[in-house]
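Each residue takes its place number in the sequence, starting with 1.
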Amino acid sequence: MAVTIFSFFILLFFSLTVTSRTTESETQLQTYIIRVQHDSKPSIFLTHKHWYQSCLSSVSVSASARILHTYDVVFHGFSARLTPTESNTLQKQPHIISIIPELVREVHTTRSPLFLGLKTSDNAGLLKESDFGSELVIAVLDTGIWPERESFNDRDLGPVRKQGWNGQCVITEDFPAGSCNRKLVGAKFFSNGYEATNGKMNETLEFKSPRDSDGHGTHTASIAAGRYVFPASTLGYARGIAAGMAPKARIAVYKVCWIAGCYDSDILAAFDNAVSDGVDVISLSVGGVVVPYYLDSIAIAAFSAFDHGVFVSASAGNGGPGGLTVTNVAPWVTTVGAGTIDRDFPAHVKLGNGKTIPGVSVYGGPGLTPEKMYPLVYAGNVGSDGYSSSLCLEGSLDPTIVKGKMVLCDRGINSRADKGEVVKKAGGIGMILANGVFDGEGLVADCHVLPATAVGANGGDEIRRYISKSNDSPATARIVFKGTRIGVRPAPVVASFSARGPNPETPEILKPDLIAPGLNILAAWPDTVGPSGIASDKRKTEFNILSGTSMACPHVSGLAALLKAAHSEWSPAAIRSALMTTAYTVDNRGQTMLDESTGNASTVLDFGAGHVHPQKAMDPGLIYDISTYDFIDFLCNSNYTTNSIRMITRKTADCSGAKRAGHIGNLNYPSLSTVFQQYGNNKMSTHFIRTVTNVGDPKSVYKVTIRPPSGTTVTVEPDKLVFRRVGQKLNFLVRVQAREVKLSPGSTSVKSGAIVWSDGKHNVTSPILVTMQQPL
């Protein structure tokens, strides 16, 4: 009996110990992305997946069942759920190159073709020369697609190319056979990483299929390659023809973003599939924190895509207008910021004191009583918690005070549309949404659920002052909706939200590369999501107006497809060079583009090389080409270890030659950027070596014009380039000398200029950025 009781306690103790350890392990599980030496697979394993499972079994009995994805094209390896201890044990195996913790990303959320100069009536030009991109496939990695939209019809489209396209459409209950056609030629979804972290998907809230339950992916796909649709509008605004940049290009959708975000393991699987399927362009309106390239799954996948000849464009992020906010900064990715177009949706606030505050809105009714002035209150004064109520957070407003009134809310924390719903629930008649100091004067038009408009920071201050001084006579206001206005000047303007440089990872590479239309862009929208994007909004619209670098990115993706169709021999670097060196920096008044947040002139840290000019990019004259081996030299000169370089490139690097040949700034990039550390040196200097390839006229002579950054001396040798044939390459040397400037410890001074090569027909422009830093 004693032995039995003793045995029982031993078993009980063992059971509790195992349960405790299991629970502890389960709570510690996280997703890792594992890069493996691909050719080290022992021959006894039939597939790499079997090998990976065996590797994990040696670490933990249960680990082999936790593989999420295997990767074979842009990345060699797999992703799995592991504990930190298991990860450390696995790292010791000789064939494991690297183990990267997963990051979670987020999405960065029509007149634009006409504004960019893409006219269907042209007998020549980019659309004509590229046949509207008909042979190219654009991959959109996003929230999926609503395939029934007219923007994705395949009328008059020929069959999908037979050579080089291997994509397919995944059929599910809510994405039936027939969802794809000759326009939408591929549709897949990737959710293993998402579900591994968040549990089984709630399919009452989102579709476990390529179908879009958010709207973001449908919108971006139609910007890149939507068909011509007429009439198109949102709630009566922006009436006209809707069209994407490459109207005949084919679309392949890879759904990677879900309610809780976009997970690296899923994004990497989408890249792997897209490149294997044979896409020509990858459009990624997704981003997150900036980390070293060897820890950045997007950067690693994009490098391999570049190596396969695929152009990758990515959104710069919506962290502006502050500096160092740009994301997706790898030099093999084209990073796109956002600008305005010459159209807006004015909705001004008329105050009881006779003053008018400019604002914008896309509100489609029912409207307010014309000419009637409504009582006006500041939300910060009508709630139990002044901070929460000032932001119009859920449940923060007192209905007894708000009912029947116009409410001024501050921007921040919850979404702009959510604030309107909070005001509406509390009985408010309308809302005025005021920017904070950080937002400045940048305005975004939203499809609100009640009469509402957005005003700048100065306008918000003006309204608050008016309310605070209206003690004897209660404050009143009304909103005057003026519909759609075109021909706006100035345009383009750098959008306030557009993320800015300098590049936080490699300041010697100017980012963003350029800007494209990203403010108040009309594009396709799904049936199941109201135009405001909030759950209570049951309105339906075929098109919606959104803003963000998410909208700017697919403009460049579509343009890249057009350029690839017109110049099939061009590399991804050549396409980016054409877009950058032909970009412009002046608005439709002939002055330097403004920064929307301040109203002052913008800089290269805001717009990079400038705003895209598609027609000029068709014939750039010269291009700056880059090979994958040039990028390896760049990584060597960035002081990356050979193992870190192999993690990114899958190639073994010999850095001795690269470091003898130059420095990090000698990557053959279309822009030039240098950072001088002022260690008491009165004079500082550096040089850039560049190679240009003639893609213009066979016999041409280019002469250089130098616009040096203030306080610097810039020389170019030689100052004349004589080309005798198309495809010929010539080198030149740029020397930059700078004098020490007075700076306080830890501060910087940034100056910009440009060099322009011209043959009388083409102007090939490269910005120069000189940063002076005073060490602490």
For this session: Please assess Val494 against Ile515 for the test side chain to side chain contact (heavy atoms under 4.5 Å, CB included), listing each intermediate value before the final yes or no.
Result: CA-CA 8 Å; Val494 180; Ile515 64 171; 4.1 Å; yes

Problem set entry | side chain to side chain contact (heavy atoms under 4.5 Å, CB included) between Phe607 and Met593, worked out | CA-CA 9 Å; Phe607 55 67; Met593 287 187 292; 3.7 Å; yes

For this session: Check the pair Asp214 / Val529 against side chain to side chain contact (heavy atoms under 4.5 Å, CB included), numbers first and verdict last.
Result: CA-CA 7 Å; Asp214 177 90; Val529 185; 5.8 Å; no

For this session: Go through the steps for Tyr263 and Asn198 under the test side-chain hydrogen bond (donor to acceptor under 3.5 Å, both in side chains), then give the verdict.
Result: CA-CA 11 Å; Tyr263 288 74; Asn198 297 280; 2.8 Å; yes

For this session: Show the numbers, then the answer: is there a side chain to side chain contact (heavy atoms under 4.5 Å, CB included) between Asp439 and Val437?
Result: CA-CA 5 Å; Asp439 303 304; Val437 175; over 6 Å; no

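With Lys511 as the partner, the side-chain hydrogen bond (donor to acceptor under 3.5 Å, both in side chains) test is satisfied by one option alone out of Thr335, Asn503, Thr506, Thr334: Thr335. Results of the side-chain contact (heavy atoms from CB on, under 4.5 Å) test with Leu141 over Val256, Thr220, Ile298 single out Val256 as the only residue that passes. A side-chain hydrogen bond (donor to acceptor under 3.5 Å, both in side chains) with Asn414 is found for exactly one of Lys419, Glu394, Glu421, namely Lys419.
Separating the CD atom in Gln774 from the CD atom in Gln678 is a distance of 5.0 Å, to the nearest 0.5 Å. Distance check: Asp266 CG to Asn192 CG gives 6.5 Å after rounding to the nearest 0.5 Å. Distance check: Ser285 OG to Asp142 CG gives 6.0 Å after rounding to the nearest 0.5 Å. The structure places CZ of Phe303 at 14.0 Å from CZ of Phe75, a figure rounded to the nearest 0.5 Å. In this structure, Met772 CE and Leu743 CG are separated by 7.5 Å, a value rounded to the nearest 0.5 Å. The structure places CG of Asn668 at 7.5 Å from OH of Tyr624, a figure rounded to the nearest 0.5 Å.
Between the side chain of Thr771 and the backbone N or O of Val750, no donor-acceptor pair lies under 3.5 Å. Between the side chain of Ser557 and the backbone N or O of Cys553 there is at least one donor-acceptor pair closer than 3.5 Å. With hydrogens and angles ignored, the 3.5 Å screen pairs a side-chain donor or acceptor of Asn318 with a backbone N or O of Thr549. Panel note: side chain His219, backbone Met551; no donor-acceptor pair is recorded below 3.5 Å. The main-chain N or O of Gly317 is never found under 3.5 Å from a side-chain atom of Ser315 such that the two would form a donor-acceptor pair. Side-chain atoms of Thr143 come within 3.5 Å of backbone atoms of Gly217 as a donor-acceptor pair (strictly under, hydrogens ignored). A donor-acceptor pair under 3.5 Å is formed between the side chain of Ser498 and the backbone N or O of Ala338. The main-chain N or O of Ser79 is never found under 3.5 Å from a side-chain atom of His69 such that the two would form a donor-acceptor pair. Not one N or O on the side chain of Ser388 forms a donor-acceptor pair closer than 3.5 Å with the backbone of Ser396. Here the side chain of Thr327 pairs a donor or acceptor atom with the backbone of Ala316 at under 3.5 angstrom.
Residues Glu505 and Val290 share a closest heavy-atom pair of CB-CG1, 3.9 Å. When all heavy atoms are compared, the tightest approach of Leu510 to Pro767 is CD2-CG, 4.0 Å. Between Leu443 and Glu596, the closest heavy-atom pair is N-OE2, 3.2 Å. Heavy atoms only, all atoms of each residue included: Leu522 and Ala238 are closest at CD2-O, 3.7 Å. Gly558 approaches Ile138 most closely through the heavy-atom pair CA-CD1, 4.0 Å. The nearest pair of heavy atoms linking Leu519 to Thr340 is CD2-CG2, 3.4 Å.
Ring to ring, Phe271 and Tyr254 are not that close: their centroids are 6.0 angstrom or more apart. Remark: aromatic rings of Trp332 and Phe311 are distant, center separation not under 6.0 Å. The six-membered or imidazole ring of His611 lies near that of Tyr584, with a centre-to-centre distance under 6.0 Å. Residues Tyr294 and Tyr640 place their aromatic rings such that the two centres sit under 6.0 Å apart.
In this model, no donor atom of one side chain and acceptor atom of the other lie less than 3.5 Å apart for Tyr237 and Asn520. A side-chain donor-acceptor contact under 3.5 Å links Arg411 and Asn435. Glu206 and Tyr194 share a donor-acceptor pair across their side chains, judged by distance under 3.5 Å alone. One side chain, Ser265 or Glu102, offers a donor N or O that lies under 3.5 Å from an acceptor on the other. In this model, no donor atom of one side chain and acceptor atom of the other lie less than 3.5 Å apart for Glu508 and Thr674.
The pair Arg105-Asp296 counts as a salt bridge, with a side-chain nitrogen and a carboxylate oxygen less than 4.0 angstrom apart. One finds a salt bridge joining Arg464 and Asp410 here, because a Lys/Arg side-chain nitrogen approaches an Asp/Glu carboxylate oxygen to under 4.0 Å. Residues Asp418 and Arg416 are not paired through a salt bridge, judged by the lack of any N-O separation under 4.0 Å between the basic side chain and the carboxylate. The pair Arg500-Asp595 meets the salt-bridge criterion, since a charged nitrogen lies less than 4.0 angstrom from a carboxylate oxygen.
When side chains are defined from C-beta on, Ile768 counts as touching Pro709, because their heavy atoms get closer than 4.5 Å. At least one side-chain heavy atom of Leu667 sits under 4.5 Å from a side-chain heavy atom of Phe631. The side-chain heavy atoms of His216 and Cys257, taken from C-beta on, include no pair separated by under 4.5 Å. Residues Leu579 and Leu514 are in side-chain contact: their nearest non-hydrogen atoms beyond the backbone lie under 4.5 Å apart. Looking at Pro321 and Thr598, their side chains never come closer than 4.5 Å, going by heavy atoms from C-beta outward. Between Pro331 and Tyr669, the closest side-chain pair of non-hydrogen atoms falls below 4.5 Å. Residues Cys409 and Val423 form a side-chain contact, since some pair of their non-hydrogen atoms from C-beta on lies under 4.5 Å apart. The shortest side-chain heavy-atom distance between Leu268 and Asp272 does not fall under the 4.5 Å cut-off.
No more than 12 heavy-atom neighbours from other residues, nucleotides or ligands sit within 6.0 angstrom of OH on Tyr387.
Using bins of under 30°, 30° to 60° and over 60° for the plane-to-plane angle, the ring pair Phe634/Tyr293 lands in the tilted bin.
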